[in-house]
Protein chains: 2
Amino acid sequence: MTKSKPAAKKSRQPDVTRRNILDAALYEFAAKGLAGARVDEIAARSGSNKRMIYEYFGNKEGLWLTVLENAYARMREEEHAIDVARMKPEEGMRYLMEFNFKFCSRNPEFIALLNAENLHKASYLKDSKKIRELYTPLLVVITDLLQRGQKSGVFRKNVDPVDLYTTIAALGFFYFSNVHTLSTIFGRNLLSQKEQKARMEHSSDVILGYLRP
Amino acid sequence: MTKSKPAAKKSRQPDVTRRNILDAALYEFAAKGLAGARVDEIAARSGSNKRMIYEYFGNKEGLWLTVLENAYARMREEEHAIDVARMKPEEGMRYLMEFNFKFCSRNPEFIALLNAENLHKASYLKDSKKIRELYTPLLVVITDLLQRGQKSGVFRKNVDPVDLYTTIAALGFFYFSNVHTLSTIFGRNLLSQKEQKARMEHSSDVILGYLRP
DNA sequence: GAATTTCGTAACTGACCGGTTACTTCCCCG
DNA sequence: CGGGGAAGTAACCGGTCAGTTACGAAATTC
């Protein structure tokens with residue numbers, strides 16, 4: 001219509017458009033959940049339009065699953081980039097804990113997304129082919145840390161890697177997932193830098209305290 | 001108001017109707033979130049009708065807040081009923097942990113509700129007058145346990161009661177909150193009795209491990 | 001038993017929403 | 001350079017949903 005040629009901007013860039021849609025969808029889904037999110041709003045925010053969304057992702061639910069898989073993949077990518085295998089057991093474990101904590105702090109949309117998906121009993125994630133394989137390498141790393149720590153006598157025995165990772169995840173995730181209700185209940189601003197720092201130290205203490213022989 | 005008339009028939013029972021609406025709303029909100037829940041569905045399930053919902057609760061959001069406050073109140077009531085003050089410090093702490101865990105297991109709607117409220121940045125809860133006072137007695141109990149444990153030398157020093165309770169809550173809440181995604185990722189049915197039991201023991205170990213001097 | 005209040009039903013409204021379609025624009029390649 | 005297909009636009013559609021209202025029935029009060 002009134003649009004003529006906004007410079008070298010408007011040309012065909014399928015993957016850019018796709019990326020923009022995913023970014024917009026992540027924002028919208030994280031802010032309002034699956035049911036609360038509006039496809040029109042995503043289209044507007046992405047700078048593209050609804051037709052492209054339905055072209056690339058089929059429907060709202062297809063878009064949801066893609067956004068979700070992307071979020072998991074990015075998290076695991078970052079986590080995997082750390083060379084924990086070279087660290088001393090205690091150092092490595094603390095690093096894992098702190099990474100997890102900081103990641104949750106840095107990516108509130110990740111948290112919102114996971115909570116929404118759990119509301120749906122992970123029904124979308126269950127159909128994903130890619131998810132399971134993402135976490136196998138992580139368990140390998142943890143198992144290795146545990147074994148080395150046990151061998152050198154700094155860690156207790158009989159620790160299930162899945163249990164331990166769940167606890168690490170819990171300590172970071174829960175704090176940020178429930179930060180608003182917790183802040184309200186306790187009348188403290190738990191999002192402040194000071195509170196976050198204190199909480200991260202406490203969390204590491206908990207993990208390492210538990211791992212002591 | 002009028003009352004004291006049970007009446008076995010379908011006579012007027014405002015508080016029963018109110019209760020039924022709240023039950024139906026809890027179910028619907030927990031299953032689908034605030035945006036996903038349907039007022040018509042709540043009306044149908046309650047055995048009452050929309051008109052009564054708007055009469056008693058004003059609008060969907062008013063109903064949401066009431067459901068939320070009710071859920072918190074019921075949780076705290078149960079928790080408060082335990083006479084932890086009489087228990088030995090370690091025993092009391094373990095009891096708190098286990099109660100919390102079991103409550104989350106028994107009340108998945110509670111978890112869904114809190115997550116949804118956090119998605120909204122606790123905007124409804126913030127307007128609630130009743131919430132803050134619910135948690136003061138709990139902190140008193142924890143502080144008392146901590147002091148006694150420290151005095152008798154079974155607990156470490158410098159533990160913030162809010163930190164500790166947050167960790168207790170995290171260990172139980174996170175597990176059930178994320179049970180579907182975790183089960184998918186790790187390929188284990190974490191809702192099974194066996195897994196739950198193991199997880200509860202692990203969680204107590206973590207708390208008590210941390211509290212060791 | 002009449003007046004008044006409470007409860008119930010169902011139709012209604014106006015906004016909204018996921019998804020589709022008709023149509024235009026633009027790029028690429030022959 | 002021109003035709004075909006991909007990318008993009010906006011109107012549109014059928015359905016849904018929160019919230020309202022008109023009206024009648026029943027219960028309570030006086």
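Because the structure is a prediction, the values reported are computed rather than measured. Chain letters run A, B, ... following the sequence lines, proteins first and then strands; every chain starts at 1.
- Between A:M52 atom CE and D:dG8 atom P there is a gap of 6 Å when expressed in whole angstrom units.
- Between B:K50 and B:V39, the closest side-chain pair of non-hydrogen atoms falls below 4.5 Å.
- Spacing between atom CZ of A:F29 and atom P of C:dC17 amounts to 13 Å, rounded to whole angstrom units.
- Here the C1' atom of nucleotide C:dT6 and the CG atom of B:D15 are 13 Å apart, to the nearest Å.
- OP1 and OP2 of C:dC7 both lie 4.0 Å or more from every side-chain N or O belonging to B:S48.
- Using a 4.0 Å heavy-atom cutoff across all strands shown, B:F57 reaches no nucleic acid atom at all.
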5' to 3', nucleotides 15-20 of chain D under a 4.0 Å protein heavy-atom cut-off (B base, S sugar-phosphate only, - none) gives --SBBB
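- Phosphate proximity of D:dG8 to A:N49: absent, as no side-chain N or O sits under 4.0 Å from OP1 or OP2.
- Screening residues 26-62 of chain A for ring pair (Phe, Tyr, Trp, His ring centres under 6.0 Å), with sequence neighbours left out, gives A:F29-A:W64.
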Can I get a per-line list of side-chain donor-acceptor pairs under 3.5 Å for residues 91-105 of chain B, giving both atom names and the distance, sequence neighbours left out?
from: B:E91; atom 1: OE1; to: B:K88; atom 2: N; distance (Å): 3.4
from: B:N100; atom 1: ND2; to: B:E79; atom 2: OE2; distance (Å): 3.3
from: B:S105; atom 1: OG; to: B:Q196; atom 2: OE1; distance (Å): 2.8

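- At whole-Å resolution of the value, CD1 in B:I21 and C1' in C:dT6 are 13 Å apart.
- For A:S128, the side-chain hydrogen bond (donor to acceptor under 3.5 Å, both in side chains) partners at least two apart in sequence or on another chain are A:E69.
- Atom CD in A:E55 sits about 13 Å away from atom P in D:dT9, given to the nearest Å.
- In this structure A:R74 satisfies the side-chain hydrogen bond (donor to acceptor under 3.5 Å, both in side chains) test with no other residue, sequence neighbours excluded.
- Remark: P of C:dG19 and OH of A:Y56 are 18 Å apart, rounded to the nearest angstrom.
- Rounded to whole Å, atom C1' of D:dA7 lies 14 Å from atom CG of A:N20.
- Evaluation of the side-chain hydrogen bond (donor to acceptor under 3.5 Å, both in side chains) rule for A:S177 yields A:N115 as partners, not counting sequence neighbours.
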